[in-house]
*Asks:* 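Let me give you the structure first, and then I'll get to my questions.
In the text below, chain A, chain B and the rest are named by the order of the sequence lines, each starting its count at 1.
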There are 2 protein chains.
Amino acid sequence: MEAKGRDVLAKDRILDKAEELFAQNGYFAVSIRQITAAAECNLAAVNYHFGNKKNLYLEVFRLRWIPRARRIHDTFIGILGTKNEPSLRDILHSLATAFIEGPLTDDERERHHQLIARELAKPIGGLDIVASQIHQPFFNELSDLVKECLPEGQNEQELMLKLFSVFSMLTFFNFSRELVTIITNYQYDQAFKARLVNHIADSCSSGIAYK
Amino acid sequence: MEAKGRDVLAKDRILDKAEELFAQNGYFAVSIRQITAAAECNLAAVNYHFGNKKNLYLEVFRLRWIPRARRIHDTFIGILGTKNEPSLRDILHSLATAFIEGPLTDDERERHHQLIARELAKPIGGLDIVASQIHQPFFNELSDLVKECLPEGQNEQELMLKLFSVFSMLTFFNFSRELVTIITNYQYDQAFKARLVNHIADSCSSGIAYK
DNA sequence: GTCTATAGCAGGATAGAC
DNA sequence: GTCTATCCTGCTATAGAC
């Protein structure tokens, strides 16, 4: 039993460190040697547990990124559930809160967004997995929620663009922190995040409701 | 004179191919061998002309990215100059047009945004150069332009966030095309880009003017 | 300035002992 | 399952001929 217990732990340690390093530095900048050293296990362990480096990378998305995306989603649904007949702004505020102040630790959130940002810029396998399992269903769900707050007969195309705009802000403010900080000198402390959430909710709800 | 002429060309060819490859694949995924092969010159040419790989990468930003950002900026100012007393929407429409349908070819635009997207996710030297020479002054300029369309006494912090929101959309729709296409099935053809420009102008102007 | 050749090193992957 | 040792490939960078 000890042997089996250690296995699982070694595999998990590799996944954790691999995710951290891939997020920080990108797939090609990270070596198996770095990963196994950080995970305090043997060099051969990656090939033993995951076959090869590429599959380890994909498993990071399957076994770490997706479950975390589900936690954010569930947090969003949870916050939204506390409101009676939520307004458009309620929906967006819940969404922004889940994304920016949600269930993830700061480290987790940073990793989460860096991983997807890399895939958005240059997909090397993770985006396909994540788009079909998370983004596609989530956009549909969100679209249905938002439609209930809008007059009938919304243009579907237009609505999609609006949802992407929300998503663009959530993504940008989460993963371009460096630029935001360089330009404004604001640190991402609790006060600034709360301000961001309100800004996104306000600005997106007026953006979606226009016309 | 032929000799000197060839030098300049070789250096330029290296810069062009380096930019293309760095944009597509990221700094670490690209080798000097790939670059010199694509530029049809000798392996040693990179070290001769640029010292080392890292400096070649930075020169791509200094000699290629920044001049192109200036072209986009000048296009924006040019379009804006055709309007008398431009409204907020005029400003944003000109800006979105310059970014999404502007002076760059499709290839140039793709490279431009992929390069900066990578630096936003994980700066390795390019962002510092670009933020100080382009973003910082541009945000200030844009801020002044927008203020003329808004009532006095705008909150500076709030205005900065609003400008970042515009920037987030411009960036997202330019560099997350893969995701947009996966989810919506829209290709980035001329019609879709025009639609995007209008969407961004409408949605951002109502977002900025709210309250 | 350009090229060939190569030094010197780091990477992914695997074989085989334990 | 874990570990060591190692193969082989590909990389950056440079020395030195032309």
Side-chain angles (χ1 to χ4, degrees), chain A residues 1-63 115 118-119 122-126, chain B residues 1-63 115 118 122 124-126:
Chain A
M1 205 51 174
E2 310 101 338
K4 203 159 181 205
R6 269 209 80 192
D7 292 352
V8 177
L9 286 177
K11 195 173 172 182
D12 272 351
R13 285 203 310 275
I14 291 174
L15 272 172
D16 285 341
K17 293 299 178 182
E19 174 169 34
E20 186 180 330
L21 289 166
F22 285 143
Q24 282 171 2
N25 306 310
Y27 180 77
F28 295 100
V30 176
S31 67
I32 292 183
R33 285 173 159 82
Q34 263 181 283
I35 294 168
T36 50
E40 293 179 309
C41 67
N42 191 271
L43 171 62
V46 162
N47 287 57
Y48 178 76
H49 285 289
F50 299 95
N52 55 41
K53 182 188 174 185
K54 184 62 170 284
N55 192 54
L56 165 59
Y57 176 76
L58 296 181
E59 288 289 278
V60 165
F61 281 88
R62 285 190 275 254
L63 301 177
L115 280 173
R118 293 180 182 286
E119 281 290 316
K122 171 77 179 179
I124 55 175
Chain B
M1 204 50 175
E2 310 104 334
K4 205 161 181 202
R6 270 211 77 192
D7 292 353
V8 177
L9 287 178
K11 197 174 171 181
D12 273 351
R13 284 203 311 275
I14 291 174
L15 272 172
D16 285 340
K17 293 300 179 181
E19 174 170 36
E20 186 180 331
L21 288 165
F22 285 144
Q24 282 171 2
N25 307 309
Y27 179 77
F28 295 100
V30 175
S31 67
I32 292 182
R33 284 174 158 78
Q34 266 180 280
I35 295 168
T36 50
E40 293 178 310
C41 68
N42 191 270
L43 172 62
V46 163
N47 287 53
Y48 178 76
H49 286 289
F50 300 95
N52 55 41
K53 180 187 174 185
K54 183 62 171 283
N55 193 54
L56 167 57
Y57 177 76
L58 296 181
E59 289 289 278
V60 165
F61 281 89
R62 285 190 276 254
L63 301 178
L115 279 173
R118 292 179 182 287
K122 172 78 179 180
I124 56 176

*Asks:* Could you pull out all residues at least two apart from B:Asn52 that satisfy side chain to side chain donor-acceptor pair (under 3.5 Å)?
*Replies:* none

*Asks:* Just grab all the salt bridge (Lys or Arg N to Asp or Glu O under 4.0 Å) pairs involving residues 42-60 of chain B, residues at least two apart or on different chains.
*Replies:* B:Glu59-B:Arg62

*Asks:* Whole angstroms only, please: what is the CZ-P distance between B:Phe28 and C:dA10?
*Replies:* 15 Å

*Asks:* If I take atom CD1 in residue A:Ile14 and atom C1' in nucleotide D:dG1, what distance separates them, rounded to the nearest angstrom?
*Replies:*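 About 11 Å, once rounded to whole Å.
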
*Asks:* Across nucleotides 12-18 of chain C, 5' to 3', mark each nucleotide with B, S or - according to how protein heavy atoms within less than 4.0 Å reach it.
*Replies:* BBB----

*Asks:* With sequence neighbours left out, what residues match A:Ala39 under side-chain contact (heavy atoms from CB on, under 4.5 Å)?
*Replies:*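 With sequence neighbours excluded, A:Ala39 shows a side-chain contact (heavy atoms from CB on, under 4.5 Å) to A:Arg13, A:Ile14, A:Lys17, A:Cys41, given in chain and number order.
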
*Asks:* With sequence neighbours excluded, what pairs up with B:Ala23 under the side-chain contact (heavy atoms from CB on, under 4.5 Å) test?
*Replies:* B:Arg111, B:Gln114, B:Leu115

*Asks:* B:Ala29: what forms a side-chain contact (heavy atoms from CB on, under 4.5 Å) with it, not counting sequence neighbours?
*Replies:* A:Phe28, B:Asn25

